[in-house]
Amino acid sequence: MNDTKNKIKRYLVTAALPYANGPLHLGHFTGNFLPADIYVRFLRLEGKEVVWVCGSDEHGAAITIQAKKEGLHPKEIVDKYHFANKASFEQLGLSFDIYHRTSLPIHHETAQDFFKTLYDKGGQFEEKTNEQYYDEAFDQFLADRYIKGECPKCNHPEAYGDQCENCGSDLSPLELINPVSTLSGKKPILKETTHWYFKLDKHADWLRVWLEKGELDGQFHHDPKKWKKHVLGQCLSWLDGGLFPRAITRDLDWGVKVPLPQADGKVLYVWFDAPIGYISATKDWAKENGKDWKDFWQSEECELVHFLGKDNIVFHCIIFPSMLKAHGGYNLPVNVPANQFLNFEGRKFSKSKGWGIGLTEYLETFENFPNHVDALRYALTRGMPENKDSDFKWDEFVDCHDKELADNLGNFVNRVIVLTNKYFGGKVPSIDGDLKGLLQPVQNLLNKLTQDIKDFKFKSAILQLMELSTYGNTYLQDVSPWKIYKTDPESPVIKECMRVALEIVNILGVVSQPFIPFTSNKIRSLLNLEPVQNGGLQKLNEQLSKGGGLTDNLQIGTPDLLFAKIHDRKDSSRLELIEAQKAKLTTILEAEKAEERMPVKAQTSFDDFCKMDIRTGTIIEAEKVKKADKLLKLIVDIGLETRTVVSGIAKFHKPEDIIGQEVLLLANLAPRKLRGIESQGMILMAENEKGELAFVSPPKAFGNGFEVR
RNA sequence: GAUGCUGUAGUUCAGUGGGUAGAACGUAAUACUCAUAAUAUUAAGGUCAAUGGUUCGAAUCCAUUCAGUAUCACCA
């Protein structure tokens with residue numbers, strides 16, 4: 001295809017650095033770490049030189065705020081989660097070459113050098129001074145989201161510094177009436193501060209060429225057709241919207257110090273320092289392993305691939321590449337195969353509601369579940385959100401564990417091992433036939449699997465894995481050696497059949513390794529072989545091109561199940577484990593139904609109530625308000641007159657359905673403009689725990705304009 | 001609100017330089033018994049979100065609409 005590919009000798013793979021302020025869940029695992037691990041393990045199997053770097057992202061205001069709330073030093077927070085996450089990752093079989101952390105000195109130096117290089121070059125940064133809100137109690141400048149106040153446009157009392165959720169208008173914190181810090185609850189003061197901005201806008205032109213055509217500095221860099229649609233789409237949409245300078249410093253005492261004398265008390269903004277963590281991690285690894293990090297970052301012979309979730313696309317496809325290009329000398333990623341998000345039983349993961357399962361939690365709860373890590377890795381790969389959001393369901397986990405891993409793969413391997421022991425005393429039979437020819441269909445599947453991984457189609461690849469054992473099952477069924485054995489136990493057909501089946505088991509042992517490494521080791525040990533080594537797939541392909549991958553008369557091991565089925569007549573323990581997880585969710589759902597009745601408000605007086613003039617009325621016209629999701633413009637007949645009312649009910653009621661609807665209208669409410677339309681009253685609605693709105697109305701044809709008391 | 005992505009069999013998803021729709025699971029029938037009541041074969045099942053357009057021909061291209069989801073300049 002092109003020459004550049006042939007130059008590639010090394011691969012550098014990154015998985016997005018997890019933020020070290022909390023435990024991680026299945027979504028992080030399947031979106032980011034698992035695909036990277038599969039890819040990296042595959043490259044190693046192919047005998048490629050590859051380094052996979054990752055680590056904890058440990059800076060940023062979120063961590064300092066959490067530390068203050070818990071009365072801890074930020075270091076204590078990040079230590080806790082760094083080591084916890086690292087331990088979980090090891091148990092899950094993630095094969096990082098290094099799991100780094102951005103609080104290490106080598107990272108601080110690297111990030112500072114990077115900043116300093118851009119600064120000294122000139123033209124990449126600009127300085128701006130302005131006034132920002134500052135929380136004196138917390139001794140911290142406040143991000144927009146940490147400020148609340150009254151909205152200047154709709155007077156909603158709980159507007160955020162960046163946006164009012166009531167009227168939807170974009171705000172600046174300075175516009176808020178009576179601003180309050182959400183950290184201390186006190187009124188913040190205005191303070192002047194200076195920050196450095198990275199001139200991202202300068203990079204728009206080459207970025208577009210790079211993303212659209214895959215060309216960099218007039219040369220071929222990568223094939224944009226191999227990028228996922230949603231990745232390219234989002235990037236180009238960003239470029240279309242125009243790029244703007246972005247602040248890259250913060251007023252904080254936790255983070256990488258800005259290496260300038262005039263920048264005391266300022267640190268690099270985490271999104272600037274975090275991706276540089278990939279570089280410092282590589283340096284750290286290289287130092288430990290006697291390698292040169294530049295061979296991976298600054299060499300044409302190395303390919304860079306970033307794995308991440310869709311929330312991180314623009315950072316890795318626009319901002320970080322711009323930083324690297326501005327610095328000069330660095331490789332840019334040849335692909336950024338971002339995944340979408342994983343939901344859990346139909347909803348988003350939510351730590352606060354207990355919806356979902358954390359990685360540590362899974363590892364602990366399923367500790368005694370045989371091969372529980374591979375069971376999870378398999379289920380998550382099968383449902384990987386490669387091109388759209390996907391959903392983890394326990395029932396599907398059970399299904400694919402039992403039907404695919406146990407019945408298809410596990411049972412195939414088992415029946416081959418059992419038959420080999422039975423017919424040949426556990427020795428791999430030698431045959432005279434054309435083994436290579438017999439294995440051709442298997443080789444085709446293997447090739448497809450290989451290509452799928454190279455194309456980052458892991459879901460399809462793992463299906464090919466299953467196809468391999470399906471082929472094995474079908475093949476056994478077609479030949480049915482047990483039938484032949486009854487009449488002619490010495491038949492060469494039996495030998496040939498079993499040799500082919502054993503070869504397939506051997507192939508499965510090698511090629512399953514990127515996906516389900518523990519199972520791979522177990523298959524190998526059933527064949528009496530060592531765990532597969534780097535280059536194992538390359539070696540296997542060489543052997544297959546000559547004939548088979550196994551040696552004649554190899555003494556294999558005794559049968560042992562790879563996966564214990566969840567639906568097991570004799571042992572209900574695994575099913576109980578799953579049922580307990582499902583019961584937990586039911587409990588949450590029921591609790592939500594039960595609670596969430598608003599407490600009764602403070603006492604009021606009859607006189608106050610009488611101030612309300614509530615009238616019966618009928619909706620005679622209804623239309624959607626433009627530029628508003630929730631609003632309908634209604635004309636209500638209240639007998640003596642008609643009123644125009646803007647009502648936030650569009651999510652639950654279509655305009656055409658509610659014409660003729662009888663309603664109750666609060667008629668003496670002060671008029672207010674909503675989205676430019678004067679609303680002369682308020683329709684009374686009942687709202688349930690889901691936020692659904694229902695009309696409250698008199699019985700049919702009651703008549704308009706009567707008072708409600 | 002703008003923009004990106006997504007919307008295909010009961011379920012989970014593949015699929016496009018436009019030319020009689022694919023898999024897995026589930027369902028039904030049959031075969032087999034070496035194996036974890038496993039396996040194999042066959043069958044049924046889809047106006048490819050809706051509407052309009054381009055075309056000899058559209059699930060595939062264009063437009064509009066609807067739904068889900070993400071991003072939208074200091075949120076890590």
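Proteins come first, then strands; the chains are lettered A, B, ... in the order of their sequence lines, and each starts at number 1. Remember, it's a predicted structure, so these values are computed and weren't measured experimentally.
The same atom, C1', is picked in B:U41 and in B:A59; the two are 31 Å apart, to the nearest Å. The separation of B:U8 from B:A40, taken at their C1' atoms, amounts to 29 Å, rounded to a whole angstrom. B:U30 and B:A67: their C1' atoms are spaced 43 Å apart (whole Å). Across B:A31 and B:A49, the matching C1' atoms stand 42 Å from one another, rounded to whole Å. Spacing of C1' atoms, B:G10 relative to B:A28, comes out at 14 Å, to the nearest Å. Spacing of P atoms, B:C48 relative to B:G7, comes out at 14 Å, to the nearest Å. With both ends at atom P, the span from B:U6 to B:G22 equals 22 Å, rounded to whole Å. Taking atom P in both B:U64 and B:U3, the straight-line distance is 9 Å, to the nearest Å.
When only modelled atom types and interatomic distance are considered, A:Asp251 and A:His195 share a side-chain donor-acceptor pair under 3.5 Å. Between A:Asn473 and A:Asn408, the side chains place a donor N or O and an acceptor N or O closer than 3.5 Å (distance only, hydrogens not considered).
Heavy atoms of A:Asn411 sit under 4.0 angstrom from at least one base atom. Looking at heavy-atom distances under 4.0 Å, A:Ser480 makes no contact with the nucleic acid at all. Here A:Phe412 lies out of heavy-atom contact (under 4.0 Å) with every strand. No contact: A:Lys228 has no heavy atom under 4.0 Å from any strand. As judged by a 4.0 angstrom heavy-atom cut-off over every strand, A:Lys459 is placed among residues touching the sugar-phosphate backbone only. The residue A:Leu562 sits close to a base: some heavy atom pair falls under 4.0 Å. Nucleic acid contact class of A:Lys310 (heavy atoms, under 4.0 Å, all strands): sugar-phosphate only. Backbone-only engagement by A:Ser390 is indicated by non-hydrogen atom pairs under 4.0 Å involving sugar-phosphate atoms exclusively. Within 4.0 Å (heavy atoms only), A:Tyr471 reaches no atom of the nucleic acid at all. Among the heavy atoms of the strands, none lies under 4.0 Å from A:Lys225. Note on A:His59: only backbone sugar-phosphate atoms sit closer than 4.0 angstrom, heavy atoms only; bases stay farther off.
The 5' end of RNA chain B is approached more closely, in terms of each residue's nearest nucleotide, by A:Gly233 than by the other of A:Lys457 and A:Gly233. Nearest-nucleotide assignment on RNA chain B puts the 5′-proximal partner with A:Val231, out of A:Ser460 and A:Val231.
For the pair A:Glu404 CD and B:U11 C1', the interatomic distance rounds to 13 Å; values are reported in whole Å. When the P atom of B:A70 is taken as reference, atom CG of A:Leu342 falls 13 Å away, rounded to whole Å. Residue A:Tyr378 contributes atom OH, which lies 12 Å from atom P of B:A24 at whole-angstrom precision. The interatomic distance linking A:Glu467 (CD) with B:A23 (P) rounds to 11 Å, in whole Å. Distance A:Lys393 NZ to B:C25 C1': 13 Å, rounded to the nearest Å. Rounding to whole angstrom units, CG of residue A:Asp391 and C1' of B:U69 are separated by 13 Å. In this entry the distance linking NE2 of A:His230 with C1' of B:G7 reads 16 Å, nearest Å. When the P atom of B:A40 is taken as reference, atom OH of A:Tyr475 falls 16 Å away, rounded to whole Å.
Taking CD1 from A:Ile462 and OH from A:Tyr378, the interatomic distance works out to 5.5 Å, rounded to the nearest 0.5 Å. Interatomic distance, A:Leu577 CG to A:Ile566 CD1, rounded to the nearest 0.5 Å: 8.5 Å.
A cation-pi arrangement is absent between A:Arg246 and A:Trp196 under the rule of less than 6.0 angstrom and at most 45 degrees off the ring axis. Because its NZ or CZ atom is both nearer than 6.0 Å to the ring centre of A:Phe341 and within 45° of the ring axis, A:Lys310 counts as a cation-pi partner of that residue.
Proximity of A:Lys403 to the phosphate of B:G26: a side-chain N or O atom is located under 4.0 Å from OP1 or OP2. Under 4.0 angstrom from either OP1 or OP2 of B:C34 there lies no side-chain N or O belonging to A:Tyr485.
One can find a donor-acceptor pair under 3.5 Å joining the base of B:A37 and the side-chain atoms of A:Arg569.
Closest to the side chain of A:Trp238, out of B:U71, B:C34, B:A40, is B:U71. Between B:U71, B:U39, B:U41, one nucleotide has an atom nearer to the side chain of A:Gln477 than all others, and that is B:U39. Closest to the A:Lys348 side chain, of the nucleotides B:C32, B:U36, B:U69, is B:U69. The side chain of A:Thr474 has B:U41 as its nearest neighbour among B:U36, B:C5, B:U41. With B:G4, B:C32, B:U11 as the candidates, the nucleotide lying closest to the side chain of A:Lys483 is B:C32. Side-chain atoms of A:Asp389 lie closest to B:U69 of the nucleotides B:U69, B:C75, B:U36. When distances run from any side-chain atom of A:Lys388 to the nucleotides B:A76, B:A14, B:U3, the shortest one goes to B:A14. Residue A:Asn473 has its side chain nearest to B:U39 when only B:U6, B:A70, B:U39 are considered. Distance from the side chain of A:Trp482 is smallest to B:C34 among B:C34, B:A76, B:A40.
In RNA chain B, stems built from 3 or more consecutive Watson-Crick or G-U wobble pairs, each with both distances under 3.5 Å, span B:1-7 with B:66-72, B:10-13 with B:22-25, B:27-31 with B:39-43, B:49-53 with B:61-65.
Listed by chain and number, the residues in a salt bridge (Lys or Arg N to Asp or Glu O under 4.0 Å) with A:Lys448 are A:Asp452 (sequence neighbours excluded).
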- Query: Does the pair A:Tyr81 and A:Tyr19 meet the rule for a ring-ring contact (aromatic ring centres under 6.0 Å, His included), with working shown?
  - Reply: CA-CA 9 Å; A:Tyr81 291 110; A:Tyr19 200 57; over 10 Å; no
- Task: Evaluate ring-ring contact (aromatic ring centres under 6.0 Å, His included) for A:Tyr278 paired with A:His316, printing each intermediate quantity in order.
- Result: CA-CA 11 Å; A:Tyr278 299 140; A:His316 287 80; 5.7 Å; yes
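Ring geometry, A:Trp355 versus A:Phe344: the interplanar angle exceeds 60°, so the pair is classed perpendicular (tilted spans 30 to 60°). Taking the six-membered ring where the residue is Trp, A:Phe369 and A:His401 present perpendicular rings, their angle passing 60° and hence far from 30°. Using a 30° and 60° split on the angle between ring planes, A:Phe349 and A:His25 fall in the parallel class, below 30°.
Within 6.0 Å of atom NZ in A:Lys213, 12 or fewer heavy atoms from other residues, nucleotides or ligands are found, so the atom counts as exposed in its surroundings.
Near-neighbour residues of RNA chain B inside residues 413-426 of chain A, defined by a heavy atom below 4.0 Å, number-ordered: A:Asn414, A:Arg415, A:Val418, A:Leu419, A:Lys422.
When the options A:Lys388, A:His230, A:Lys228 are evaluated for a side chain to side chain donor-acceptor pair (under 3.5 Å) with A:Gln340, the one that passes is A:His230.
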